[in-house]
S.K.: 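My questions will all concern the structure given below.
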Amino acid sequence: MLFVGISAGAAAAHPHVWVTARAQVVFNTQGQIEAIRNAWVFDEMYSAFATQGIGKDGQLLSKDELAPLAKTNVESLEEFDYFTYAKAASQKIEFGAPADYSLEQRQDKLVVLRFTLPLKTPTSATRAFSFQVYDPTYFVAFEMEKDNPVSLAGAPKGCSINVLGSNPLAASDTKKLSESFFSGLSPGTDFGVKLASRIIVACP
Amino acid sequence: MSVRPTIAGFALPLALLLSLVVLWPSQSLGQGVHHPFAVGANEGAVASAQGVMGWILAKESGFYRLLSGAIRTAKLNGGAPWGLIALSLGYGIFHAAGPGHGKAVIASYMLANERALRRGLVIAFGAALLQGFTAVAIVGISAIVFQAAAARMTAAANVVEIVSYAGITVLGAVLVTVKGAALLAARRVAPSAVDYAGAGVAGNFRADDCTEDHLHGPGCSHFHAPDPLTLGAGFSWKSAALTMLAAGARPCSGAILVLVFALAQGIFSAGIFAVLAMSLGTAITTAALASTAVFAKNTAVKYATPGSRRSLMAGRLFEFAAASAVLGLGITLLLAVLAGGTGAS
Ligand SMILES: [Zn+2]
Ligand SMILES: [Zn+2]
C-alpha cells in the first residue's frame, strides 16, 4: 500500500512557478488546425531563478545565451505533454515534437518561452476543437493572459475563439469537504485542470 | 473509570486517523526531478484540491505571490524588512500545512517513538530551521561562490534531497528494528490474556492499591502505557537528530526562489530574513502537528484499557506500524527521486 505512490507518478503540491500564457492556433491552407503556438511568460521570481548565473550581470540575456536552456525546457516538457491538452470531437489530439522554440528575457526581466506544437494530424475545427494549458502536477500555475489570450493564424472565415474562464474552486468544493477531506488526499488531484481555462475554437 | 472506554474509543481512532492523514498524501510523490521547471529539490506530494487543502493552497499561493513585491519594497525602504518577514512567516505556516516538508516523517516519528512533547517541539523546530539553512547554503554557495546557473543549483539540491531520503530510510529501518524487537518482546514477556482470565486475577492486574496519581513502584504491577525506557530502547538523541536531519535537510523550492530573487535584486540579506521567517512558520505548523501526534498517542495509550496485555500489544503494534510507515516513506521517496534522476518515466 505504501508503494502505490510510485505508480501514481507525477503529481505535486502547490505552485511555485506562475505562468501567464498566450496561445495561437495555426491553420494550414486547407483550413485545418495544424499547430498551437505557445508563449509563456514566467513570474519574476522564477525568471530570476532561470537566468541566474547565465550571462553578464545587469545585461539582458540574448536568445543565443538562453538557447541551451530553451532546449532543455522544451525537451523535458515532452514527458508532460507540453502542458497542452487538446481535443477535437472529444478525441484526444496527439502532438509532434515542438518546432522553433526559444527563450527570451524581456525588458522587464521576465522570461518568455515560445514554442510551436504541431498536431500529428491536422484536424478540422468544424467539430468542437478545444484545448487547455495547465500543469497537472500544479507545480506551475498557468493563467491565460487577460487580453487576447488566444489568436488565430490563417483561419478560414468565420472561425471564432471562446475562452471559458477557469472554474473557480466553487462552494460545491467546500460542500464536499466532509467526504473529500480524507478521500481527497489520495493521488490524482485535478487541481491543475480545475483551474485551467478551456479554449474552444469553432469554425463554420 | 467509566469515561475511559469513551476516551479510548475516541483517542485511538484519532491517533490512527492522524497517522493516516499525515501519511496518505505522502505516499504519492512529488514530480520527478525532470519536471521542466523544477526548482531545487522536488516538491512534496499530492494535495487535494478541495476543502481544507484547497483553502491552504490558496492561502499559501496568496502569501507567496506577494513575496516578490515585499522583497522589492524591502530593497527600496532599507531597514528591517518587517513586511517581508511577516509575509514569509504566514507563507511558512500555510506552506508547511500542505504536503511535503518532512512533516510526515516527524509525525510518524512522534507516533512511533516519542511521548515527550518538549523533545517533539525541539525536533520540529530543528528540522524547520535546518531546512532554511540548507536553502541559504545551497543558494549562497552555488550562486554567490560559484556563479552557478539554475540547473547546477537544482542538481546540488537534488543531492541533498537524495541524502535526506536515504536518511529517512535509515531512520525507518532503525525504528522498525527497535519497534519490531519491542513488539516481539511484548509477545514473549507479557503474560497471556488467557492465563489471567483463567486465573481470575484480572482485578489484581488493575492494581487496586494505586490511586489515579500514583507512582509506579516495583510493587505496583500495572502500567498505563509502555514507558519508553522499558521498550527495549528508550529515547535516543541519535534518532532524534537523525529525524531532524532527514526531515529538514531537503531545501524548499519556495525558499530557493525567494533567495535567488533577493540575490538578483541585490539584497540577499533580505532573502535570508525571509527564509528564516519561513522556517519559523514551518516550525510552528510542524510543531502543532507533532504535538497532536504526541497527544493523540499519549491519550490513546493512556486510556486504552489500562494494564491489559492487549493495550501493551496494541501500543507496540501501533508504534511498529508508524515505524514501518517511516521506512515505507523513505523507500518510496528514495526510489522516486532516483527514478526521476535517470529521466525514466
Ligand atoms: Zn513548496
Ligand atoms: Zn517548501
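Note on naming: letters A, B, ... go to the chains in the order of the sequence lines (proteins, then strands), and numbering restarts at 1 for each one. As the structure is a prediction and not an experimental result, all values here were calculated from the model.
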S.K.: Give, as side chain, backbone, both or neither, the part of A/L113 having an atom under 4.5 angstrom from any heavy atom of chain B.
M.R.: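 Side chain only.
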S.K.: Once you measure the plane-to-plane angle for A/F139 and A/H16, does it fall in the parallel (<30°), tilted (30-60°) or perpendicular (>60°) bin?
M.R.: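 Tilted: the ring planes of A/F139 and A/H16 meet at 30° to 60°.
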S.K.: Name, in order of residue number, those residues of residues 38-45 of chain A that have a heavy atom at a distance of less than 4.5 Å from a heavy atom in chain B; otherwise write 'none'.
M.R.: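 Only A/W40, A/F42, A/D43, A/E44, A/M45 of residues 38-45 of chain A have a heavy atom under 4.5 Å from chain B.
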S.K.: Checking B/E161 against B/Y165: is there a side-chain donor and acceptor pair closer than 3.5 Å?
M.R.: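 Distance-only check passes for B/Y165 and B/E161.
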S.K.: Identify which part of B/L259 has an atom lying under 4.5 Å from any heavy atom of chain A, answering side chain, backbone, both or neither.
M.R.: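 Contact with chain A: none, neither part.
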S.K.: Kindly write out the residues that satisfy side chain to side chain contact (heavy atoms under 4.5 Å, CB included) with B/L317, not counting sequence neighbours, or none if the list is empty.
M.R.: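 B/L317 satisfies side chain to side chain contact (heavy atoms under 4.5 Å, CB included) with B/L183 only.
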S.K.: Measuring heavy-atom distances to chain A, does B/V139 have an atom under 4.5 Å in its side chain, in its backbone, in both, or in neither?
M.R.: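 Looking at B/V139, nothing touches chain A.
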S.K.: If you look only at distance, which donor and acceptor atoms sit under 3.5 Å apart when one is on a side chain in residues 85-100 of chain A and the other is two or more places apart or in another chain?
M.R.:
residue, atom, partner, partner atom, Å
A/Y85, OH, A/F80, O, 3.1
A/D100, OD1, A/T116, OG1, 2.8

S.K.: Any donor and acceptor pair, going by atom type alone, linking the side chain of A/E79 with main-chain N or O of A/S76 inside 3.5 Å?
M.R.: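 A pair under 3.5 Å: no.
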S.K.: With a 3.5 Å cut-off and sequence neighbours excluded, list the donor-acceptor pairs that the side chains of residues 21-28 of chain A form with protein atoms.
M.R.:
residue, atom, partner, partner atom, Å
A/R22, NE, A/N148, O, 3.1
A/R22, NH2, A/D147, O, 2.9
A/Q24, OE1, A/R37, NH1, 2.7
A/N28, OD1, A/Q30, N, 3.0
A/N28, OD1, A/G31, N, 3.2
A/N28, OD1, A/Q32, N, 2.8
A/N28, ND2, A/Q32, OE1, 3.3

S.K.: What class does the angle between the rings of A/F83 and A/F142 fall in, given that below 30° is parallel, 30 to 60° is tilted and above 60° is perpendicular?
M.R.: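 Rings of A/F83 and A/F142: perpendicular, as their planes differ by over 60°.
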